[in-house]
Asks: 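After the C-alpha cells below, expect a handful of questions from me.
What you see below is based on every heavy atom in this structure, not just the backbone, and it leaves out hydrogens, waters and symmetry mates.
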Amino acid sequence: IGEVVQLGVEVAIVIGGVVVTESVFAIPGLGRLTVDAILRRDYPVIQGIILVFSGAYVVVNLVVDMLYTVLDPRIRY
C-alpha cells in the first residue's frame, strides 16, 4: 500500500524532471514548451501548460486515493 501512496509523490517529481530533461537535451515536448513560453513571456501558453500539469497531478492523486481505499478495506470515506 505504501507503494501506491509513493506513486502520487513521484508524479510531481516526474513532472519537474520533464522540464529539466527536455531543456537540457533539447527534446521537444511540454517541458521545452514551458521554458520557451517563459522566456518569451507567452502567458496564455504558460497558463495552459500549468493547467495541464496540475490537472494530471490531481487525476493521478485521485486514482491513488481510490486505489488506496480498494487495497485497504479499513479505510472508509
Asks: So does Tyr57 get a backbone contact from the side chain of Asn61, meaning a donor-acceptor N/O pair under 3.5 Å?
Replies: yes
Asks: Are Ile15 and Val35 connected in a single hydrophobic cluster, I mean Ile/Leu/Val/Met/Phe/Trp/Tyr linked by side-chain heavy atoms less than 4.5 Å apart?
Replies: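 In one cluster: yes.
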Asks: Can we say Asp36 and Arg40 salt-bridge, meaning some charged N sits less than 4.0 Å from an Asp/Glu carboxylate O?
Replies: no
Asks: Between Thr34 and Ile46, is any pair of side-chain heavy atoms under 4.5 Å apart?
Replies: no
Asks: Are Phe53 and Val63 connected in the hydrophobic side-chain network, where two residues link if heavy atoms are under 4.5 Å apart?
Replies: yes
Asks: Looking at every non-hydrogen atom in both residues, tell me the closest pair between Gly31 and Ser23 and how far apart they are.
Replies: O-OG, 4.4 Å
Asks: Show the nearest heavy-atom pair for residues Val45 and Ala37, with the distance to one decimal.
Replies: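 So the minimum-distance heavy-atom pair works out to CG1-CB, 3.7 Å.
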Asks: Please answer: with hydrophobic residues joined when any side-chain heavy atoms are less than 4.5 Å apart, are Val60 and Ile13 in the same cluster?
Replies: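 Unlinked, Val60 and Ile13 end up in two clusters.
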Asks: Kindly indicate whether the side chain of Met66, heavy atoms from C-beta on, has any atom under 4.5 Å from the side chain of Leu62.
Replies: yes
Asks: Over all heavy atoms of both residues, which pair between Glu22 and Arg32 is shortest? Give the atoms and the distance, please.
Replies: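 Taking every non-hydrogen atom into account, OE1-N, 2.9 Å.
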Asks: Indicate, with yes or no, if Val20 and Ile27 share a hydrophobic cluster defined by side-chain heavy-atom contacts under 4.5 Å among Ile, Leu, Val, Met, Phe, Trp and Tyr.
Replies: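 Same hydrophobic cluster.
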Asks: Starting at CD1 of Ile49, measure out to CG of Leu51 and round the result to the nearest 0.5 Å.
Replies: 10.5 Å
Asks: Do Leu33 and Leu30 have side chains that get closer than 4.5 Å, going by heavy atoms?
Replies: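 A side-chain contact exists here, since the closest heavy-atom pair is under 4.5 Å.
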Asks: Does Val64 belong to the same Ile/Leu/Val/Met/Phe/Trp/Tyr cluster as Leu71, with side-chain heavy atoms less than 4.5 Å apart forming each link?
Replies: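 The answer is yes; both residues are in one hydrophobic cluster.
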